[in-house]
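I have placed the structure first, in the form of structure tokens, so that the comments after it can refer back to it.
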Amino acid sequence: MVNQPAPTPLLSVVVPVHGVEAYLHQCLDSVRTDVPADAAGAVEIVAVDDASPDRCGELLRAYAATHPGVRTVHLDRNVGLGPARNAGLDVAVGDYVWFVDSDDWLPPGTIPAVLDRLRAHRPDVLMLDHLRVRDDGRREVDASSHLLRGAPDVVRLADRPGLLRVQHTAWNKVVRREFMAQLELRFHPGWYEDIPFSNPLLIGAERISVLDRVCYLYRQGRQGAITSTRSGRHFDAFAQYDRLFDWVARRYPDERLRGELFTLMINHMLVVVGNDGRLHPHLRRDFFHRVAAHYRRHLPPGGYPRPGGVAGLKHRLVGRDNYLAYAVLRQAHRLAGWLRRPVAAPEPVPSVAGPAPLADSPADRDALAGRGTR
């Protein structure tokens, strides 16, 4: 009798785990129970205990002992989200890898849809839609989700340049493992580790497939999450953007591409600097000056497609390193927003159109208010 080698999984789901005891089972169950019975060998889960300070390590050992197809890696010291993903990637054997954060989860039907698309298109990158889920259960469409609509079966970034403006996270992309190796992509330490990882995936891909379906539920407002934590570690974003531009300069030195990435960088930095939930007020001035320094460092010689309206005005203020004018503009917008708040009434009344907003577009309003992606 000859033992046949186990087939290679089509998909490895890598789940870095740290301080998420309350959410861990929901995350793992949403993946495991969604795998079709006839495709049990097509999916593996690799959960990485990043020296979690709670019971996550214990829960993972028990979970793996009772559920085939689940493997665990236990790190003896906390290394952070990016290196923990690398640790999972090092032991993953699937043709494709999907990095799922352990405080998020997948809606039913996601795994079969992803497997079908991977088999049908064999892309380098499969892009997925998601919803943001608030503490009260409200689910919100992401501001960039419309960019996924109407894409052909397989495209390149040159065919759909708007895909570069879809939220730049690792968890909304399923990636061919060998393709990652060809691009020499790994996660770097520090916060905002997705920046020098996700953008190069789209830039280097010959085959991008878009699954216009909600495949990911992104939890908002969790205590300890980067996007809801005031910290000086938000300054890590500057080094991550340096890594992105260094990679592009080495691999794809194209001035138009550099201009697009430059616009995205400044937009993102304006979201961070304006967000009270990320930066303490005493750090805002220093962060703004760092944004201005990055503006000068990475400004393309031929210019870039600067946005119009209020967003474009903020770009100009960054280019001039004029924090005082930026602070006045930001405060004026917040005051205008406060004045537009509806007054509570004892009984329902018909809605009445309010005064026109200060910003020209939703993007302008988000930039001014400090809302946006991680």
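Under the side-chain contact (heavy atoms from CB on, under 4.5 Å) test applied with N199, the options V248, L244, L157 reduce to a single match, L244. Residue C27 is tested with V100, V20, D104, I45 for a side-chain contact (heavy atoms from CB on, under 4.5 Å); the sole match is V100.
A salt bridge between R186 and D90 is present, with a side-chain N of the basic residue lying under 4.0 Å from a carboxylate O of the acidic one. Taking a cutoff of 4.0 Å between a charged side-chain nitrogen and a carboxylate oxygen, D242 and R297 qualify as a salt bridge. Between D124 and R207 no salt bridge is recorded (no basic side-chain N to carboxylate O distance below 4.0 Å). Note on R134 versus D136: no salt bridge recorded, every NZ/NE/NH1/NH2 to OD/OE distance being 4.0 Å or above. Using a cut-off of 4.0 Å between Lys/Arg side-chain N and Asp/Glu carboxylate O, R177 and D95 are scored as not salt-bridged. The pair R330-D276 meets the salt-bridge criterion, since a charged nitrogen lies less than 4.0 angstrom from a carboxylate oxygen. A salt bridge is absent between R258 and E260; no separation between the charged side-chain nitrogens and carboxylate oxygens falls under 4.0 Å. In this structure, R156 does not pair ionically with D159, as no charged nitrogen and carboxylate oxygen lie closer than 4.0 Å.
Taking hydrophobic clusters as Ile, Leu, Val, Met, Phe, Trp and Tyr residues chained together by side-chain heavy-atom distances below 4.5 Å, Y241 shares a cluster with F238. At a threshold of 4.5 Å between side-chain heavy atoms, the hydrophobic network of Ile, Leu, Val, Met, Phe, Trp and Tyr places V214 and V210 in two separate groups. There is a path of hydrophobic side-chain contacts, each under 4.5 Å, that joins I266 to L329. Placement of V318 and F245 within a single hydrophobic cluster is found when ILVMFWY residues are connected by side-chain heavy-atom separations under 4.5 Å, directly or transitively. Using a 4.5 Å cut-off between side-chain heavy atoms of Ile, Leu, Val, Met, Phe, Trp and Tyr, with links allowed through other members, L131 and L128 fall into different hydrophobic clusters.
Using a 30° and 60° split on the angle between ring planes, F187 and F197 fall in the parallel class, below 30°.
Here the shortest heavy-atom pairing between R284 and Y326 reads CD-CE2, 4.5 Å. Nearest heavy-atom pair, E255 versus G302, reported as atom, atom and distance to 0.1 Å: OE1-N, 4.4 Å. When all heavy atoms of P196 and L185 are compared, the pair lying nearest together is O-CD2, 3.9 Å. Minimum heavy-atom separation, E193 to Q240: CA-NE2, 3.6 Å. The two residues G19 and P53 make their nearest non-hydrogen contact at N-CD, 4.2 Å. Across all non-hydrogen atoms, the minimal contact from S231 to W191 is CB-CH2, 3.6 Å.
With sequence neighbours left out, the side chain to side chain donor-acceptor pair (under 3.5 Å) criterion links E21 to R55. Looking at residues two or more places apart in sequence or on another chain, you find a side-chain contact (heavy atoms from CB on, under 4.5 Å) between A237 and Y192, M269. Taking H280 as the reference, H282 meet the ring-ring contact (aromatic ring centres under 6.0 Å, His included) condition, with sequence neighbours excluded.
Rounding to the nearest 0.5 Å gives a distance of 7.5 Å between CG of L201 and CE of M180.
Judged purely by distance below 3.5 Å, without hydrogens or angles, the side chains of R165 and S144 never pair a donor atom with an acceptor atom. Side-chain N/O atoms of T169 and N172 include a donor and acceptor closer than 3.5 Å.
As a member of the Ile/Leu/Val/Met/Phe/Trp/Tyr network built from side-chain separations under 4.5 Å, V93 groups with nothing else and remains a singleton.
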Stepwise, does the ring-ring contact (aromatic ring centres under 6.0 Å, His included) test hold for Y252 with W247? CA-CA 8 Å; Y252 295 90; W247 185 91; 5.6 Å; yes
Walk me through it: do R32 and D29 pass the test salt bridge (Lys or Arg N to Asp or Glu O under 4.0 Å)? CA-CA 5 Å; R32 185 187 59 81; D29 286 346; 3.7 Å; yes
Quick one, D129 with R149, criterion salt bridge (Lys or Arg N to Asp or Glu O under 4.0 Å). Give me CA distance, side-chain angles, the key distance, then yes/no. CA-CA 10 Å; D129 199 3; R149 307 289 179 258; 3.3 Å; yes
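Side-chain N or O atoms of S198 include none that pairs as donor or acceptor with a backbone N or O of I195 at under 3.5 Å.
Screening residues 121-152 for ring pair (Phe, Tyr, Trp, His ring centres under 6.0 Å), with sequence neighbours left out, gives H130-W171. Sorted by first and then second residue, the pairs that involve residues 56-84 and meet ring pair (Phe, Tyr, Trp, His ring centres under 6.0 Å), not counting sequence neighbours, are H25-Y63, Y63-H67.
Heavy atoms of other residues, nucleotides or ligands lying less than 6.0 angstrom from CD of E140 number more than 12. For R122, the CZ atom sits in a packed shell: over 12 heavy atoms of surrounding residues, nucleotides or ligands are nearer than 6.0 Å.
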